[in-house]
Amino acid sequence: MTAVALAAGLVLTVAGCGGGDGGDDAKEPRPSQKANGNGGGSSGGQSDGSAGGEPLAEVRGGEDITLTVNSARRETGGFVTITGKVTNGSGKAWVAPGWEGNESEVALRNKLSVAGAKLVDKKGKKRYLVLRDTEGKCLCTSFGQPLQAGKSKTWYAQFPAPPKGNDEVEFQIADMPPAGVTIGGGE
């Protein structure tokens, strides 16, 4: 009975999270949102984890791809929802290499997605993987098609929640630098 209630709650939450097509807003980030000058690293981090205002973190990886984390919230039911935006600053279409993860079964069901993301709790010394449904599909954004040059898309990923009090975590995906974020909200 509890499992059915938890599953129903997750389905409703995923439906509410959207993770939709994210639009194609290729706006130039404000100077305060740009990553530091060394081509990687994290900026931001002093936020309550809500979806407004400055991003929690922003990192830049190879191929001039920028990953922004806008929100990190604890949800009822024992999971964390991370949301953000990915921007393709290169001059060609980008297919999110390695972002779907390296588990062959998961990668096959989640092409062009953020299924390979991890949430690292250094205090608790644990790494959390993106939640999956019973069919192996991630509770995360699947982009559906390559991200065209100069375009942006929003994304989300859901993870098991670290214990309360372990709110300083790192969001990691593929070859992007780790993005340090503070989980906000509460159950």
Side-chain angles (χ1 to χ4, degrees), residues 14-45 51-72 80-120 127-133 135-159 169-181:
V14 169
C17 288
D21 65 19
D24 292 332
D25 58 18
K27 298 176 190 171
E28 178 67 23
R30 293 185 303 258
S32 63
Q33 293 176 322
K34 290 185 179 181
N36 61 24
N38 67 8
S42 175
S43 63
E54 294 292 314
L56 298 179
E58 186 172 275
V59 293
R60 183 165 293 156
E63 299 183 53
D64 202 17
I65 302 302
T66 302
L67 173 90
T68 304
V69 177
N70 293 327
S71 173
V80 171
T81 301
I82 310 285
T83 63
K85 180 174 74 169
V86 63
T87 302
N88 180 357
S90 75
K92 59 184 179 183
W94 177 74
V95 294
W99 284 42
E100 69 277 353
N102 57 8
E103 297 175 59
S104 58
E105 188 172 320
V106 173
L108 288 173
R109 287 188 168 93
N110 298 284
K111 294 253 183 225
L112 297 173
S113 73
V114 295
K118 298 164 191 72
L119 203 59
V120 177
R127 180 174 58 179
Y128 299 93
L129 304 178
V130 174
L131 292 168
R132 282 117 174 138
D133 67 15
E135 296 174 359
K137 293 179 183 169
C138 72
L139 298 183
C140 69
T141 296
S142 291
F143 298 119
Q145 57 187 333
L147 183 58
Q148 297 304 310
K151 301 293 183 181
S152 297
K153 287 208 175 205
T154 58
W155 58 268
Y156 82 96
Q158 294 183 317
F159 301 88
V169 296
E170 286 185 347
F171 179 85
Q172 298 177 347
I173 190 161
D175 64 348
M176 298 295 286
V181 298

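Heads up: numbering here begins at 1 and tracks the sequence. Predicted, not measured: the structure shown is a model, and the values here were computed from it. Just so you know, these numbers use all the heavy atoms, side chains as well, and skip hydrogens, waters and symmetry mates.
Here the closest heavy-atom approach between residue A115 and residue E100 is recorded as CB-O, 3.6 Å. The nearest pair of heavy atoms linking V181 to A57 is CG1-CB, 3.9 Å. Heavy-atom minimum distance, A157 versus V114: CB-CG2, 4.2 Å. For the residue pair K118 and G116, the shortest heavy atom distance occurs at NZ-O, 3.2 Å. Scanning both residues, P97 and A174, for their nearest heavy atoms gives O-CB, 3.9 Å. Nearest heavy atoms, R127 versus V120: CG-CG2, 4.1 Å.
A 4.5 Å side-chain heavy-atom check between V130 and F159 finds at least one atom pair inside the cut-off. The shortest distance between side-chain heavy atoms of I82 and V69 falls below 4.5 Å.
Rounding to the nearest 0.5 angstrom, the gap separating the CD atom in Q172 from the CG atom in L119 is 9.0 Å. Annotation: the span from L56 atom CG to S71 atom OG amounts to 6.5 Å, rounded to 0.5 Å. A distance of 9.0 Å separates CZ in R132 from CG in L139, rounded to the nearest 0.5 Å. Once rounded to the nearest 0.5 Å, the distance linking CG of N70 with OG1 of T154 reads 9.0 Å.
For Q158 and T81, the side-chain atoms include at least one donor-acceptor pair closer than 3.5 Å.
Applying the side chain to side chain contact (heavy atoms under 4.5 Å, CB included) criterion to Q145, with sequence neighbours excluded, gives K153. Not counting sequence neighbours, the partners of D64 by the salt bridge (charged side-chain N to carboxylate O under 4.0 Å, His left out) test are R60.
Below 30°, between 30° and 60°, or above 60°: for W155 and F171 the angle between ring planes is below 30°, a parallel geometry.
Just one of T68, L147, T66 meets the side-chain contact (heavy atoms from CB on, under 4.5 Å) condition when paired with V86; it is L147.
Here the side chain of T83 pairs no donor or acceptor atom with the backbone of Y156 at under 3.5 angstrom.
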